[in-house]
Amino acid sequence: MECHECHERPATLHYTQVVNGHKTEVKICEVCAKEKGYMTTYPEEGYSLHNLLTGLFNFDTGHVKTPGSHIQKEHQCPKCGLTFSEFKQIGKFGCGECYHTFSANLNPIFRRVHSGNTEHRGKIPKRKGGSLHLKKQIVIYKAELQELIMNEEFEQAAVIRDKIKELEANINQKEAGDSK
Amino acid sequence: MTLQHFMNEAISPWMREQGPNHDIVLSSRIRLARNFADVPFPIIADQKDLEKIREFFKENYEHSSFEEHQNFEFISIRDLTAIEKSVLVEKHLISPLLAKKEGAAATLISDNEQVSVMINEEDHIRIQIYFPGLQLTKALSKALEFDDWIEEKVNYAFDETRGFLTSCPTNVGTGMRASVMMHLPALAMTKQINRMMPAINQLGLVVRGIYGEGSEALGNIFQISNQITLGKAEEHIIEDLESVVQQLIEHERKARTRILEQSGIELENRIFRSLGVLEYSRIIESKEAARCLSNVRLGIDLGIIKNVSRNILNELMVLTQPGFLQHYAKKTLTSTERDILRASLIRERLQFEE
Ligand SMILES: [Zn+2]
Ligand SMILES: [Zn+2]
């Protein structure tokens, strides 16, 4: 993604600008950001999220952002280029990979926003989660297998072991199919 | 089905059916946020990536059907006039945010207007399903089936631990926002609703007015929705929402009975005066119209007004919004012109009832 101003350097900074109620995304390089003195403003939010995040991160509002030394050292998403401070500023992730990149810093945010929760307990997508369902089943079978072996019920254990093998083959097939 | 069709009727076909608790609950909605795994979210993505997503939806879903939701119309936002955009927003078929987007933003709308998909809004995909009355469970199972149908062709951004990955941290996990639109005139009149709000918030639910700005609920229409999307299964989120809605229904019914018993004549006076204002005004502002429509609808629900249909509230609340009025006039209008046209449309609609 190239800078909107100079069209030369890569855009490493993203701003949301609100002028007379019109919102524009500004994607520029650090050099131009310094020159043009971009102000940081926030996207309009439906309800209390903005306050929530602001309170959480102690944002400094309304300042001219001086992109400098600390930005380069910072965690940056390898896929979309978003840095953690940009995430804090806009309150939005840039891509799915951001969730992994910033993972270590996310639990306090999720806890705050989702009443203490940090892990998904809902739907697993049917197709994509296909092998995930199977993986969960394998964990259950393995525990069962352990118990059967402990109790020396080898005949039954062999049945379970075959089931595990079958599921594992199934997963391999699925995952090979996904990556084609 | 064409864009023109969506534009002409203020009331969506599904709204004509009466759902459970239709005297208080106008509609139930499920919205699911989804993203493509391999494309950055719209806030940061390159225009050409978003354009590919727009194309993908056009190629795969234009004029397709999902069960009773037939013949999806594909509409690119950039092809719409400002007035057309406002009409789709006023009908809740698209969000104000999508309407403001240029570039690759688009929508798919089923011919019964019960299902719409917003493309390249804050997330790549936002699925919306409406049901009349209180039917959250039904809406959820339909939304999840529809989600499976889309997933047949889309590789979703999904993580074992965090669930469905969304641009905003407030949507991650289920990506689901369930909401119920309620007409609560008696709770508003007695100011009980304000006292109940903190308790409802405590349960991870949000109450807000759907028309108008800030805390004011135009037409006494409130939307109750879940705020938490992570760490709770969809079914449990719905259960909690449903139980709060049931309690609100009960309180609203009790408050209506109490007002009727304690000050029946004052209530009757208020309702008939509102009907009079709507029947005879030559100029009416949206706030006054909303207040009168809410009173008239209450009168219908209480059996005080007999020959006017219940849909009058939903229909005229939409029909008298700025976008719709200007669509009707086929030109942009000043606010005074709108107030005049609003009064005339309401008079016409009420005469049509008699
Ligand atoms: Zn530049
Ligand atoms: Zn990223």
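Residue numbers start from 1 in every chain, and the chains themselves are labelled A, B, ... in the order their sequence lines are given, proteins ahead of strands. The figures here come from the full heavy-atom set of this structure, side chains too, leaving out hydrogens, waters and symmetry mates.
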J.: Answer yes or no: is there an ion pair linking B/E67 with B/K142, defined by an N-O contact shorter than 4.0 Å?
T.: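 Answer for the salt bridge query: yes.
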J.: Under a 4.0 Å N-O cut-off, is there an ion pair linking B/R54 with B/E51?
T.: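 Result for this pair is yes, salt bridge flagged.
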J.: Using heavy-atom distances under 4.5 Å, tell me whether B/Q47 contacts chain A through its side chain, its backbone, both, or neither.
T.: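 It is neither, since no heavy atom gets under 4.5 Å.
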J.: Would you call B/R126-B/E121 a salt bridge at under 4.0 Å N-O?
T.: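 The answer is yes: the pair qualifies as a salt bridge.
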J.: Tell me, for B/V39 versus chain A, whether the close heavy atoms (under 4.5 Å) come from the side chain, the backbone, both or neither.
T.: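 For B/V39, backbone heavy atoms alone lie under 4.5 Å from chain A.
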J.: For B/I237, is it the side chain, the backbone, both, or neither that has a heavy atom closer than 4.5 Å to a heavy atom of chain A?
T.: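 Contact with chain A involves no heavy atom of B/I237 at all.
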J.: Side chains of A/R111 and A/N117 only: does a donor on one sit below 3.5 Å from an acceptor on the other?
T.: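 Not at all, the side chains of A/R111 and A/N117 share no donor-acceptor pair under 3.5 Å.
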J.: Among B/E234, B/E235, B/E151, who wins on heavy-atom pairs under 4.5 Å with chain A?
T.: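 Top option by heavy-atom pairs under 4.5 Å: B/E151.
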J.: So what's closer than 4.5 Å to chain B heavy atoms on A/K123: side chain, backbone, both or neither?
T.: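 Both parts, backbone and side chain.
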J.: Could you check B/D147, B/D148, B/D123 and say which one makes a salt bridge (charged side-chain N to carboxylate O under 4.0 Å, His left out) with B/R34?
T.: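 Checked B/D147, B/D148, B/D123 against B/R34; only one passes salt bridge (charged side-chain N to carboxylate O under 4.0 Å, His left out): B/D147.
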